[in-house]
There are 2 protein chains.
Amino acid sequence: MKKVSILDVVEKSGVSLVTVSRVLNNSTTVRESNRQKVLQAMKDLGYTPSSAARSLARGSTGLIGITLQTLGDTVFDGIIHAVNESLEAKGYFLALSIASTAQLDNSAVNHFLFQEDRVDGIILLSTFAEKEYVLELKRKKIPFVIIDNHIEDTKAVTINVDNFIGGYEATRHLLDLGHSQILHISGPELYLSARDRRRGYEQAMTEAGFAPTVIGTDEFNIRCGFNSVKACLAQGIRPTAVFAGEDGLALGAMDAFRDEGYRIPQDISIVGYDDQYFAKEIHPRLTTIRQPMEKLGKEAVRILLDMIDGPSKRSKSVCLKPELIVRESTAECAAHK
Amino acid sequence: MKKVSILDVVEKSGVSLVTVSRVLNNSTTVRESNRQKVLQAMKDLGYTPSSAARSLARGSTGLIGITLQTLGDTVFDGIIHAVNESLEAKGYFLALSIASTAQLDNSAVNHFLFQEDRVDGIILLSTFAEKEYVLELKRKKIPFVIIDNHIEDTKAVTINVDNFIGGYEATRHLLDLGHSQILHISGPELYLSARDRRRGYEQAMTEAGFAPTVIGTDEFNIRCGFNSVKACLAQGIRPTAVFAGEDGLALGAMDAFRDEGYRIPQDISIVGYDDQYFAKEIHPRLTTIRQPMEKLGKEAVRILLDMIDGPSKRSKSVCLKPELIVRESTAECAAHK
DNA sequence: CTGAAAGCGCTAACAA
DNA sequence: TTGTTAGCGCTTTCAG
C-alpha cells in the first residue's frame, strides 16, 4: 500500500511529469485534452500532492501562524474567524500556537512556530511576551504583524482599534444622557488597551468639566467588576453611571448594583466594552463598544500577505475605529431630568 | 542573503552531513566532541532545519489538525489548551481549521487539512459535518479521533464525557436537596450531549417517582434560557428547581427568575452544565457539572498518537466521568423543610 | 561511531 | 504547448 505520487499519475496519464505539475498548479499552458487526462488519472488514483514536497520545492509552506493566550474570548474568536477566512481565500492556512501561562516565562527563541521555517508569516494576537517575540521574529526575518499590541511604541506593524476613542465615546454617551457622576472601572494597567480606554474616559470627563473617578482592577473579569462596585459603594461613592473597561467587568458591576437594590438602567447606567457575545443576551442588554473584529482580522491578513509578497516595501500600521452599540443598560440620568 | 542549510553547518563544523543530521535528531551515536562542534556551528550560523525537507524525507509532518466551529466557548478552550500542551510535549503542533457556518454545507472532501498529507492526524472537535468527515478521513486513511461526537453510533474512535451520568447527577443533587418540581431546560436535540443529559435527568426523576418536565431550546445560550423560563412561568409551571442543560441556559434562567422576583437559591435552585468560566464568577455562583477538559484533550492526543504510531492495533473509545460542582445557586427545597 | 549514496515528491529554469 | 534536467534540504540504509 504505497502512497501514490506524481509518478503514478504520469504513468497513468501518459504525459510527462512536468505537465502533471502544470495541471497541479493551474498553469494555462496545458492542452485541454491533456489536462483532462491528467485530472482523470489523479481522480482514479486518488492522488493528492505532497505538501512537504511542494513546500520544499517552492521554499514556502502556505502556513501562517497565530499566537495567542486564550481562546475563550468572543472578540478573539471573531478575529480568528476572520483571519481564518481571509487566509483560506488566499490559499493559506492557520497554525495555532497557544501560549500557556507557563510558557510566558520561556523565551520566544524556542518557539516552535518560529523554528524550521514552519510558517511563511506570523500574526501575534495580543501577546504579553511581545517584546521578545518582536526581537526574535526580526532576527529570524519572519514576516509578522501584531493585533492588539501592549507596548506603547512597538517597533512593528500593528493592527489596532482606537481604544482612546472607544473610551471617549463610551463616556460621551453617558455624558449626553445627562450623567456627571460617572465611575470608570478600568482594566489592568498591563494592557495598553485598558490604559487608552481610561485616557479616553478622562479626556471626555475633563472636557465636560467633571472630575474623573477611576477604580483599577487586576483582571478583565466579572468578579473584579463586582468587587470594584462593592468597594466604591462602601467608600460612599455614588455614581449614576459606570463605564466599565470590558463587558465582564460590566456584568460584575451589574450584579453588584442589583445586589445593592439598584435598578438598571433606572438607577444606574452601565456601559461595557468589547461587545462580547453575552452583552446582547443578558438582561438588560448591555450598551457597549464593539470592536470591528472582521476588519481587524482581514486587515492583518492583507498586510501580512503583502509583507510576504513584497518584503521590500514598508507596511503601515492600521488603527480602526470602534463603534458604540446602544442597548438597554443606559438611560437618561434621573437627577438630570 | 541565502538561507543557511545543513551544508553550511557541515562546512563550518568539519564533520559529515550525516553526523550533523544525527545531532539534529539527538542520535546517541555521536562523539560528544563532534556533537559540540556541530552545535556550535549551528549556533554561529543561526541554523534552523527546514521543516519541509524533514517532512519530505521522513514522510510525516509533525502537524496535527483540529477542526472546530467556535472558539468562544471556555470548554473548547480548555480542551484545545490541553490538546496543544500534550501535543507540544510530543513534538507535534496544532493546525486549526475553523468551519464557518457557510462551510458546513460544503463537502468535507475539499477540506484543506485533509489534502496533501498536510497533517499526520486529525482531531474532530464537536463537529456537525461529522458523518462526511468520518467518511472522507477513512477514505484518505488519515488517523483521527472525535471529541464530543453528535452521532449516536459513530464508526470512529471517540473521546467523550458521559453526559447521561452528568444529567443524572445534576438531577440527583436537586432531588437530594428535597426538590421534586424540577424543570429541565434541554439544549438542541441536534446535540447528542443534550439528548444524553436529558435522558439522565429523566432517569433520575423517574427513579425518584417524579414526573419529568422538559422544555427544549434551539440553542445553548442565555436568551434561550431566559425565554424558556418565562414561557414556563406563563404556562403556570412552578418549579422549585431547574436543571439547565448548559451554563448559558442557566444564566438566562437566573435572569428570568430574578426578573419575576424569585430569589436564588432561596426560592429557586439552579444547576447548570459545563462549568464555563463565568459559572464561578456570577452571583450567586452557579452549581454545575464540570467537564474534564484536561483529560479529554490528553486522552484524545494519546489515542491519536497511538493510532499514528501503530496503525495496526485497534484503538478503543473513551468515556470520561463528569463532576458535580456545588456552589451557591442550589439550596434545600423550602417546601421540603 | 562515522560517512557515502540514494532518495523523499515536487517545482523551476531552460530548451525544444 | 511540452519535456529534460537540476535541484529544494534532509533522513536513511548500508558499509566501514
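Chain identifiers are assigned alphabetically (A, B, ...) following the order of the sequence lines, protein sequences preceding nucleic acid strands; residue numbering begins at 1 within each chain.
Taking the side chain of A/R31 as heavy atoms from C-beta on, and the options C/dA13, D/dT1, D/dC10, the nearest nucleotide is D/dT1. Minimum atom distance to the side chain of A/V18 is reached by D/dT5, of the listed C/dG9, C/dC10, D/dT5. Ranking D/dC8, D/dC10, C/dC10 by closeness to the B/A53 side chain, first place goes to D/dC10.
Remark: B/S5 is not in phosphate contact with D/dG9, judged by side-chain N or O atoms under 4.0 Å from OP1 or OP2. OP1 or OP2 of D/dG3 has at least one side-chain nitrogen or oxygen of A/T19 nearer than 4.0 Å. Considering only side-chain N and O atoms, A/R54 lies under 4.0 angstrom from the phosphate OP1 or OP2 of C/dT11. Listed pair A/N34 / D/dT1 fails the phosphate criterion, with no side-chain N or O lying under 4.0 Å from OP1 or OP2. Distances shown here put a side-chain N or O of A/S21 below 4.0 Å from the OP1 or OP2 atom of C/dT11. OP1 or OP2 of D/dC10 has not a single side-chain nitrogen or oxygen of B/R58 nearer than 4.0 Å.
Side-chain contact between A/L96 and B/N84 is absent, with no heavy atoms from C-beta onward closer than 4.5 Å.
Atom C1' of nucleotide C/dA13 and atom CG of A/N25 are separated by 14 Å, given to the nearest angstrom. In this structure, the CE atom of A/M42 is 15 Å from the P atom of C/dG9, given to the nearest Å. Nucleotide D/dG9 holds its P atom 13 Å from the CG atom of B/L45, rounded to whole Å. For the pair B/K37 NZ and C/dC1 P, the interatomic distance rounds to 15 Å; values are reported in whole Å. Atom pair B/R118:CZ and C/dG9:P shows a separation of 16 Å (rounding to whole Å applied). The distance from atom CG of A/L17 to atom P of C/dT11 is 9 Å, rounded to the nearest whole Å.
If you find the closest nucleotide of DNA chain D to A/A57 and to A/R22, the one lying nearer the 5' end belongs to A/R22. Taking for each of B/E32 and A/L24 the nucleotide of DNA chain C with the nearest heavy atom, the 5'-most of the two is the partner of B/E32.
Note on A/V30: only backbone sugar-phosphate atoms sit closer than 4.0 angstrom, heavy atoms only; bases stay farther off. Residue B/T28 is in sugar-phosphate contact alone, with no base atom involved, counting any heavy-atom pair closer than 4.0 Å across all strands shown. Within 4.0 Å (heavy atoms only), A/T29 reaches at least one base atom of the nucleic acid.
Counted by atom type alone, B/S315 and B/D306 present zero donor-acceptor pairs between their side chains at under 3.5 Å. At a cut-off of 3.5 Å, with distance as the only test, no side-chain donor of A/Q69 or A/S126 sits close to an acceptor on the other residue.
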- Task: Assess whether side-chain hydrogen bond (donor to acceptor under 3.5 Å, both in side chains) is satisfied between A/T70 and B/D77, documenting all intermediate values.
- Result: CA-CA 7 Å; A/T70 179; B/D77 184 28; 3.2 Å; yes
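Classification of the A/Y191-A/F128 ring pair by plane angle, with boundaries at 30° and 60°, yields perpendicular.
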